[in-house]
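All values reported here derive from a predicted model rather than from experimental measurement.
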Amino acid sequence: MSNVERIENLKQVALKIEPDFTKLAQIHGAVNWLQEFSFAMQILNGNDFLQGVAIGDQNGFINAIKNVAAIGVTLNPIRRLAYLIPRKGKICLDISYLGHIHLAVEAGAILWAKAELVYEKDTYTNNGVNERPWHRFNPFQKPEERGKITGCYVLAKYPNGEYSLTEMVIEDIYDIRSRSDSWKAHEEKGKSTPWMTDESEMIKKTVVRRAYKSWPLVDARHRERLDVAAAISGDSEPLLIEASPVEDDEFTKGVADLRALNAKLGKDEPYLVDYLTRLHKRTIKAVEDQTQIELDKSLAMLTQIAANPPKKLPKGKNENAR
């Protein structure tokens, strides 16, 4: 089959899913069929190997294009948010670290985030909670002139103006790398892996995915997009990291303690939710919507109020409406 025939074949396969693509994309309106179809054909036309994989795995090709619609992340090569890649003889949609940040910003979980590598000749200082770190280096030096990579950090800013900092030393990142399928295939059979061809991107992606667990939960519509992105984007640590039973127990106990403090103050659940929304400066629809950091802050505030209750507590917006 010639190059032209393969492209025409894949074009006809893709055209059949236009109705499904459009239906999925309507949920968020972030991508449209004509543009993404054009980008997909452009990518395949420039990569003979990827064409062959797509021809041999047409169901995978269909699912990859549908995932573009479900997640709402463009294949536009200029933006570098997502790619069609071969993996284990199949064609897959892969989300870059920039893509994960883009989705979190669109979801309203963060205002922005940046991932930076730290090298042994850099000067890096963690300045504590809710403070930007100091990272000083010569931006005109080549990476190899700055020494070996010692770690990576992701700095994000929340809608309430606070900062979130996630740091990982290179040994922990490489430990995650060693568990990835592509790295195992590289060590066992000498196969190519993005950890060799695009190491810096993979390091940043690993830490961005780790950082995600500390970013606020978002509404169901956007959360589903992030969950799909997590499910289909492999070769790194899972984006949605499941907490250990101890961590789950601690969070559940914290939520119960918060409700008990609220009841002690004579307030109901709607009041508490409204209070949390004002405290964290973002929309909270349920007590469980808080991150662990937010829950700790809420407990500290309500514990202080309960210990020295004011003569008259301010009314919540739900109470004013009664």
*Asks:* With rounding to the nearest 0.5 angstrom, report the CD1 to CE distance, Ile173 to Met202.
*Replies:*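 Rounded to the nearest 0.5 Å, the CD1-CE separation comes out at 11.0 Å.
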
*Asks:* For Tyr124, check side chain to side chain donor-acceptor pair (under 3.5 Å) against everything at least two apart and list the hits.
*Replies:* Glu167

*Asks:* Between Gly254 and Leu299, what is the shortest heavy-atom contact and its length?
*Replies:*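 It is O-CD2, 3.6 Å.
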
*Asks:* Nearest heavy-atom pair of Pro159 and Ala109: which atoms, and what distance?
*Replies:* CD-O, 3.5 Å

*Asks:* Around atom CD of Gln58, are there more than 12 heavy atoms of other residues, nucleotides or ligands at under 6.0 Å?
*Replies:* yes

*Asks:* Hey, what do you get for CD1 (Ile149) to OG (Ser200), rounding to the nearest 0.5 Å?
*Replies:*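 Ile149 atom CD1 to Ser200 atom OG measures 7.0 Å (nearest 0.5 Å).
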
*Asks:* I'd like to know if the side chain of Asn45 pairs up with that of Gln42 as donor and acceptor (distance under 3.5 Å, no hydrogens or angles considered).
*Replies:*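 Their side chains do not contain a donor-acceptor pair, so the 3.5 Å distance test is not met.
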
*Asks:* Taking all non-hydrogen atoms of both residues into account, name the closest pair between Ala69 and Val31 and its distance.
*Replies:*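 The answer is CA-CG2, 4.1 Å.
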
*Asks:* Establish whether Ile110 and Val73 are linked, either directly or via other cluster members, by ILVMFWY side-chain heavy-atom contacts under 4.5 Å.
*Replies:* yes

*Asks:* Sequence neighbours excluded, which residues qualify as side chain to side chain donor-acceptor pair (under 3.5 Å) partners of Gln26?
*Replies:* none

*Asks:* Please check: side-chain N/O of Asn127 versus main-chain N/O of Arg132, any donor-acceptor pairing under 3.5 Å?
*Replies:* yes

*Asks:* So Glu162 and Lys297, do their side chains get closer than 4.5 Å, heavy atoms only?
*Replies:*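 When only atoms from C-beta onward are counted, Glu162 and Lys297 do touch, with a gap below 4.5 Å.
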
*Asks:* Does a salt bridge link Arg136 with Asp122, judged by any charged N lying under 4.0 Å from a carboxylate O?
*Replies:*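 Answer for the salt bridge query: no.
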
*Asks:* Between atom OG1 of Thr193 and atom NZ of Lys184, what is the distance when rounded to the nearest 0.5 Å?
*Replies:*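 One gets 12.5 Å once the value is rounded to the nearest 0.5 Å.
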
*Asks:* Run the ring-centre check on Tyr158 versus His280 and record whether the distance is less than 6.0 Å.
*Replies:*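 No, too far apart.
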
*Asks:* How about Ile62 and Lys16: do any of their side-chain heavy atoms sit closer than 4.5 Å?
*Replies:*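 Heavy-atom side-chain distance check fails, nothing below 4.5 Å.
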
*Asks:* Any ion pair linking Lys204 and Glu199 (charged N to carboxylate O, less than 4.0 Å)?
*Replies:*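 Not counted as a salt bridge, because no side-chain N and carboxylate O are separated by less than 4.0 Å.
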
*Asks:* Just to verify, what does Glu36 make a side chain to side chain donor-acceptor pair (under 3.5 Å) with, not counting sequence neighbours?
*Replies:*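 Glu36: side chain to side chain donor-acceptor pair (under 3.5 Å) contacts with Thr74.
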
*Asks:* Is it true that Lys205 and Asp94 make a salt bridge, defined as a side-chain N closer than 4.0 Å to a carboxylate O?
*Replies:* yes

*Asks:* Between Asp172, Ile176, Val154, which is the residue that forms a side-chain contact (heavy atoms from CB on, under 4.5 Å) with Val207?
*Replies:*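 It is Val154; the other options fail the test.
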
*Asks:* Decide yes or no for Thr303 and Asp257: does some side-chain heavy atom of the first lie under 4.5 Å from some side-chain heavy atom of the second?
*Replies:* no

*Asks:* How about CD1 on Ile78, more than 12 heavy atoms from neighbouring residues, nucleotides or ligands closer than 6.0 Å, or not?
*Replies:*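 Result for CD1/Ile78: open.
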
*Asks:* List the steps and the verdict of side chain to side chain donor-acceptor pair (under 3.5 Å) for Arg146 and Gln141.
*Replies:* CA-CA 7 Å; Arg146 292 164 61 187; Gln141 279 186 314; 5.2 Å; no

*Asks:* Got Phe21 and Val68 here, is their nearest side-chain heavy-atom distance under 4.5 Å?
*Replies:*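 They are in side-chain contact.
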
*Asks:* Nearest 0.5 Å please: distance from the CG atom of Asp274 over to the CG atom of Leu279.
*Replies:* 11.0 Å

*Asks:* So does Arg259 pair up with Glu288, basic N to acidic O under 4.0 Å?
*Replies:*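 Salt bridge between Arg259 and Glu288, a charged N being under 4.0 Å from a carboxylate O: yes.
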
*Asks:* Is the shortest heavy-atom distance from the side chain of Cys152 to the side chain of Met168 under 4.5 Å?
*Replies:* no

*Asks:* Is there side-chain contact between Asp48 and Gln51, with at least one heavy-atom pair below 4.5 Å?
*Replies:* yes

*Asks:* Could you tell me if the side chain of Phe39 sits less than 4.5 Å from the side chain of Leu44, heavy atoms only?
*Replies:*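 No; the side chains remain at least 4.5 Å from each other.
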
*Asks:* Do the non-hydrogen side-chain atoms of Leu93 and Ile65 ever get within less than 4.5 Å of each other?
*Replies:*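 They are not in side-chain contact.
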
*Asks:* Does Tyr212 have Arg209 sitting over its ring (NZ/CZ under 6.0 Å from centre, angle to axis within 45°)?
*Replies:* no

*Asks:* Any chance you could measure Leu50, atom CG, to Ile85, atom CD1, to the nearest 0.5 Å?
*Replies:*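 Reported value, rounded in 0.5 Å steps: 9.0 Å.
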
*Asks:* Output the distance between atom CG (Leu75) and atom CZ (Phe37), rounded to the nearest 0.5 Å.
*Replies:*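 Reported to 0.5 Å precision, the distance equals 12.5 Å.
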
